[in-house]
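Residue numbers start at 1 and run along the sequence shown.
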Amino acid sequence: MDRNQSKYEAIEELLSGVMELLGDLYQSGFDTVHDSTLEELEGAVEQTGQFGMQYLSEMLEQLTSEIAAGRHQTKEVHATKRKTTIAELYTNLNEYLYLSRQKAVYDKGLHYYTEI
């Protein structure tokens with residue numbers, strides 16, 4: 001992140017990065033997630049926590065744990081339950097990110113127009 005960017009731009013960049021990660025997960029079908037994607041998710045957990053976005057960090061951590069645990073399950077019943085849990089987390093994350101990105105844009109606009 002660039003030191004010259006505003007806090008709003010930094011949050012927008014962070015949220016966009018998380019959205020890209022979710023896109024990668026969606027393309028993998030949650031079954032063939034690369035190790036590098038899991039590592040990036042773990043990094044996003046840490047970074048969102050540092051930004052004070054605790055709820056987002058917790059959801060990402062739970063998603064990462066579910067995906068990692070699913071790599072070692074062989075029973076179809078567990079796989080179906082796991083996929084349902086992952087789908088719910090994924091949907092909640094997308095909704096949260098959509099709302100967060102809107103709020104960041106509104107806050108940036110408010111800051112711009114009240115500082116002039």
Side-chain angles (χ1 to χ4, degrees):
M1 303 212 173
D2 184 9
R3 289 190 176 270
N4 294 326
Q5 66 186 170
S6 71
K7 62 183 176 183
Y8 308 107
E9 292 167 334
I11 288 173
E12 286 175 345
E13 184 177 314
L14 174 65
L15 295 173
S16 292
V18 173
M19 289 287 291
E20 287 179 27
L21 276 173
L22 290 182
D24 292 345
L25 285 174
Y26 184 77
Q27 289 179 352
S28 72
F30 306 113
D31 289 329
T32 57
V33 178
H34 295 283
D35 289 337
S36 61
T37 304
L38 282 175
E39 290 172 8
E40 288 180 47
L41 277 169
E42 290 168 355
V45 168
E46 184 178 326
Q47 195 172 21
T48 54
Q50 290 172 351
F51 270 67
M53 302 172 122
Q54 194 60 37
Y55 184 67
L56 177 58
S57 181
E58 289 171 2
M59 284 195 299
L60 287 169
E61 185 173 24
Q62 189 176 2
L63 180 67
T64 304
S65 297
E66 287 290 332
I67 291 170
R71 294 174 136 193
H72 306 292
Q73 293 180 348
T74 56
K75 290 186 178 181
E76 196 168 314
V77 173
H78 292 282
T80 303
K81 182 179 179 186
R82 181 186 59 81
K83 284 185 180 183
T84 301
T85 302
I86 290 172
E88 288 173 357
L89 283 167
Y90 182 84
T91 303
N92 290 341
L93 277 163
N94 269 314
E95 183 178 6
Y96 183 89
L97 290 168
Y98 173 76
L99 294 171
S100 296
R101 290 176 77 187
Q102 280 187 320
K103 182 172 180 352
V105 169
Y106 294 147
D107 288 349
K108 183 178 177 181
L110 178 65
H111 177 76
Y112 177 80
Y113 286 109
T114 56
E115 293 297 314
I116 291 182

Contacts of type salt bridge (Lys or Arg N to Asp or Glu O under 4.0 Å), residue Glu61, not counting sequence neighbours:
none

What heavy-atom pair brings Val45 and Ser57 nearest, and what distance separates the two atoms?
O-OG, 2.8 Å

Out of curiosity, Asp107 CG to Lys7 NZ, how far, rounded to the nearest 0.5 Å?
8.0 Å

Kindly work out whether a path of hydrophobic side-chain contacts (I/L/V/M/F/W/Y, heavy atoms less than 4.5 Å apart) joins Ile11 to Leu110.
no

Before giving the answer on side-chain contact (heavy atoms from CB on, under 4.5 Å), spell out for Gln50 and Glu46 the whole-Å C-alpha distance, their side-chain angles and the decisive distance to 0.1 Å.
CA-CA 6 Å; Gln50 290 172 351; Glu46 184 178 326; 3.4 Å; yes

Under a 3.5 Å distance rule, please check whether Thr64 uses its side chain to pair with a backbone N or O of Leu60 as donor and acceptor.
yes

Drop me the distance from Leu89's CG to Leu63's CG, to the nearest 0.5 angstrom.
5.5 Å

State, without any angle test, whether Tyr98 and Gln102 hold a side-chain donor-acceptor pair at a distance under 3.5 Å.
yes

Output the distance between atom CD (Glu20) and atom CD (Glu40), rounded to the nearest 0.5 Å.
9.0 Å

Just how far is it from atom CG of Leu99 to atom CG of Asn94, taken to the nearest 0.5 Å?
11.0 Å

Would you name the heavy atoms of Glu12 and Val105 that are closest together and state the gap between them?
OE2-CG2, 3.4 Å

Report the relative orientation of the aromatic rings in His111 and Tyr8; use parallel for angles under 30°, tilted for 30 to 60°, perpendicular for over 60°.
tilted

Are any non-hydrogen side-chain atoms of Glu9 and Glu13 less than 4.5 angstrom apart?
no

ILVMFWY network linking Leu41 to Tyr55, side-chain heavy atoms under 4.5 angstrom
yes

Interatomic distance, CG@Leu14 vs CE@Met53, rounded to 0.5 Å, equals 6.0 Å

Check: Leu25 and Leu21 side chains under 4.5 Å, non-hydrogen atoms:
no

What is the distance from atom CG of Asn92 to atom CG of Leu97, rounded to the nearest 0.5 Å?
11.0 Å

